[in-house]
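A short worksheet on the structure shown next.
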Amino acid sequence: MTIEEIAEAPGNPEPSGRVRDLFLRQQSFAPTLRASTARDRIARLEKLGKALRARRADIHRAGVEDSGKPPEEVDLSEIFPVLHEIAQARRHLAKWMRPKRVPPTRAMLGTRAEVRRIPKGVCLIVSPWNYPFNLSFGPLVSAIAAGNTAVLKPSELTPNCSRLIAGIVAETFPPEEVAVVEGGADAARRLLALPFDHVFFTGSTAVGRQVMKAAADHPSPVTLELGGKSPFIVDESADLDRTVRNLVGTKFVNIGQTCVAPDLVYVHERVRDEFLRKLKARIERVYGGDPAAQRASRDYARVVDQRHFERLQGLLDDALARGARIVAGGDLDPQSRFVAPTVLVDLSAGSRILEEEIFGPLLPVIEFSDLDAVIREIGFRPTPLALYVFGEDRERIERVLDGAPSGGACVNSSVIHFAHGNLPFGGLGASGMGNAHGEWGFRTFSHERAVLVDRFGLSHLLFPPYTGKVRALVAATLRFFT
Ligand code: NAD
């Protein structure tokens, strides 16, 4: 079956014969994978790794064509994370797959028990446009490591990347193992009408809600990797040079079109002015001091499409109309979809930029005097995907970590927790549910099955009929085993 055959005609709400056939083929193949060993799965992962290395130049090209991404960013944020996931699985998969023995509880004396991580079966991975390779192939590595078949649905907003993902998969795997269905919301909806054994969705909170609703019909378990407004707290005890280096280095990668990008800066009033001075200087040093230099920077990507450009323009206009002031940037060009690295201060409550996920290179900065008020505010808002705190005062940092919830967090750093192969990556509440990466991703795509072997267990003594002897044993059970 070719990718073209799998591709769907738009407007059809039902899964067509072809998508259904693909699903059924994967379902019939799933039992073969269920029995696969760590070595089989690693061999499949290595094929994927080899294909990615071989297609590195094509991946760079697709990144440039779709959103002007610098090749270095593509290497670091698209290719490296997937190869790293493969390397982790190669090193640890046999251990992850090993059954985990659990000791018998007192009431279960005479039994042997263990947890076996078995494949879920046929999995669906729906991915966004901001890191198309990373967020399609990363979860795919976990799905393959866990012994599943998978269908990928990349984003239609980055068509060159989507086509290349389809090509790489078609060259590397037979469609009964892994296949790509290209298309937009229609294609995703048609896929979600099928009873997948797991749905792994990365994208916006609004669409995540719809995915969860569609999955509820079967029901399919879901992992939702969503977005949100990740706060970046600059305490008065922070090393400001280090802080702005991190902020500029992680906010403007892929020009802020990153799920864990710092979205809203809270800076302590005592260090605010110095922080802003250093932030502006750092932006100018990295991307140039005037609009022409910034537009010419080869290290700076573009907004993915016109709709998102207009959305960002709208957020900026709304903030300015409510009295915000630009302290750096502010240059926008609709033709090339360029938005300069822009820092805003004096924001009024009710500004949309303080409420909606920005997902672009606009950075609102608000000052605070009471750290506990910031912690409370974060707690009242939808739970963010990440939280960053910069400071040298341990007590104040722990207060933030204890008091403000988030999917993940970094102290004196930002974003790089995504790349730590031994940490779970996922959201909480509005920013999602479930985990990706390493063993956590493997577990997401596995079912943890309880297996009990009865050797000389005594549970049969409690079976009906409930004679006087059994009743006495039931009473003794309540007395001795609780
Ligand atoms: P999106 O939700 O618009 O689209 C994501 C995917 O869902 C695409 O493949 C799209 O075709 C598909 N889709 C669209 N409508 C659908 C529907 N009704 N039903 C099912 N699927 C549908 O997100 P996006 O604009 O591509 O990506 C940006 C968002 O993703 C941001 O909110 C960002 O924070 C989030 N994100 C999260 C992570 C993470 O790991 N948590 C990573 C990257 C991006």
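In each ligand, atom 1 is the first atom listed, and ligand 1 is the first ligand listed.
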Under a 4.0 Å heavy-atom limit, does [X] contact ligand 1 with its side chain, its backbone, both, or neither?
X	answer
F201	side chain
L385	side chain
T205	neither
E225	both
L157	neither
S127	backbone

Show the atoms of ligand 1 that are less than 4.0 angstrom away from any heavy atom in [X].
X	value
K153	8 (C), 9 (O), 10 (C), 11 (O)
G227	34 (O)
R189	18 (N)
V211	20 (C)
L135	42 (C), 43 (C)
V126	6 (C), 7 (O), 9 (O), 12 (C)
G184	11 (O)
E156	10 (C), 11 (O)

Residue among [options] satisfying side-chain contact (heavy atoms from CB on, under 4.5 Å) with [X]:
X	options	value
Q257	I358, L312, V303	V303
P119	L33, T149, N148	N148
P361	T342, I255, V343	I255

Lys/Arg-Asp/Glu bridge criterion (N-O < 4.0 Å) met for [X], [Y]:
X	Y	value
D21	R18	no
R311	E356	no
R295	D333	yes
K229	E355	no
K251	D263	no
R298	E72	yes
E177	R44	yes
R117	E439	yes

For [atom], what is the closest protein heavy atom, and at what distance to 0.1 Å?
atom	value
atom 27 (O) of ligand 1	P128 CB, 3.3 Å
atom 33 (C) of ligand 1	F359 CE1, 3.3 Å
atom 25 (O) of ligand 1	W129 NE1, 2.8 Å
atom 41 (N) of ligand 1	L226 O, 2.7 Å
atom 18 (N) of ligand 1	Q210 OE1, 2.9 Å
atom 40 (O) of ligand 1	F425 CE2, 3.3 Å
atom 36 (N) of ligand 1	C259 CB, 3.4 Å
atom 32 (O) of ligand 1	E357 OE1, 2.7 Å

Taking T205 for the side chain and A430 for the main chain, is one N or O donor matched with an acceptor at less than 3.5 Å?
->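 Yes; at least one donor-acceptor contact below 3.5 Å.
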Minimum distance, heavy atoms only, to [atom]: which one of [options] is it?
atom	options	result
atom 44 (C) of ligand 1	N130, I125, V207	N130
atom 1 (P) of ligand 1	A386, S204, A188	S204
atom 14 (C) of ligand 1	A187, G138, A215, A185	A185

Can you check whether [X] has an N/O within less than 3.5 Å of an N/O in ligand 1?
X	answer
H308	no
L192	no
T202	no
G203	yes
S431	no

H218 NE2 to D197 CG distance, which is reported to the nearest 0.5 Å |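 So the NE2 of H218 and the CG of D197 are separated by 10.5 Å.
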Nearest-0.5 Å distance that lies between atom CG in D318 and atom OG in S348 |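 Output value for this atom pair is 9.0 Å.
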Touching ligand 1 at all, F418? Heavy atoms, strictly under 4.0 Å?
->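 Heavy atoms of F418 never come under 4.0 Å of ligand 1.
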For residues [X] and [Y], establish whether the separation of their ring centroids is below 6.0 Å.
X	Y	result
W129	F359	yes
F338	F309	no
F418	H437	yes

Is any heavy atom of the protein nearer than 4.0 Å to atom 4 (O) of ligand 1?
->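 No.
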Have Y266 and E377 got a donor and an acceptor in their side chains that come within less than 3.5 Å?
->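 Per modelled atom types, Y266 and E377 side chains form a pair under 3.5 Å.
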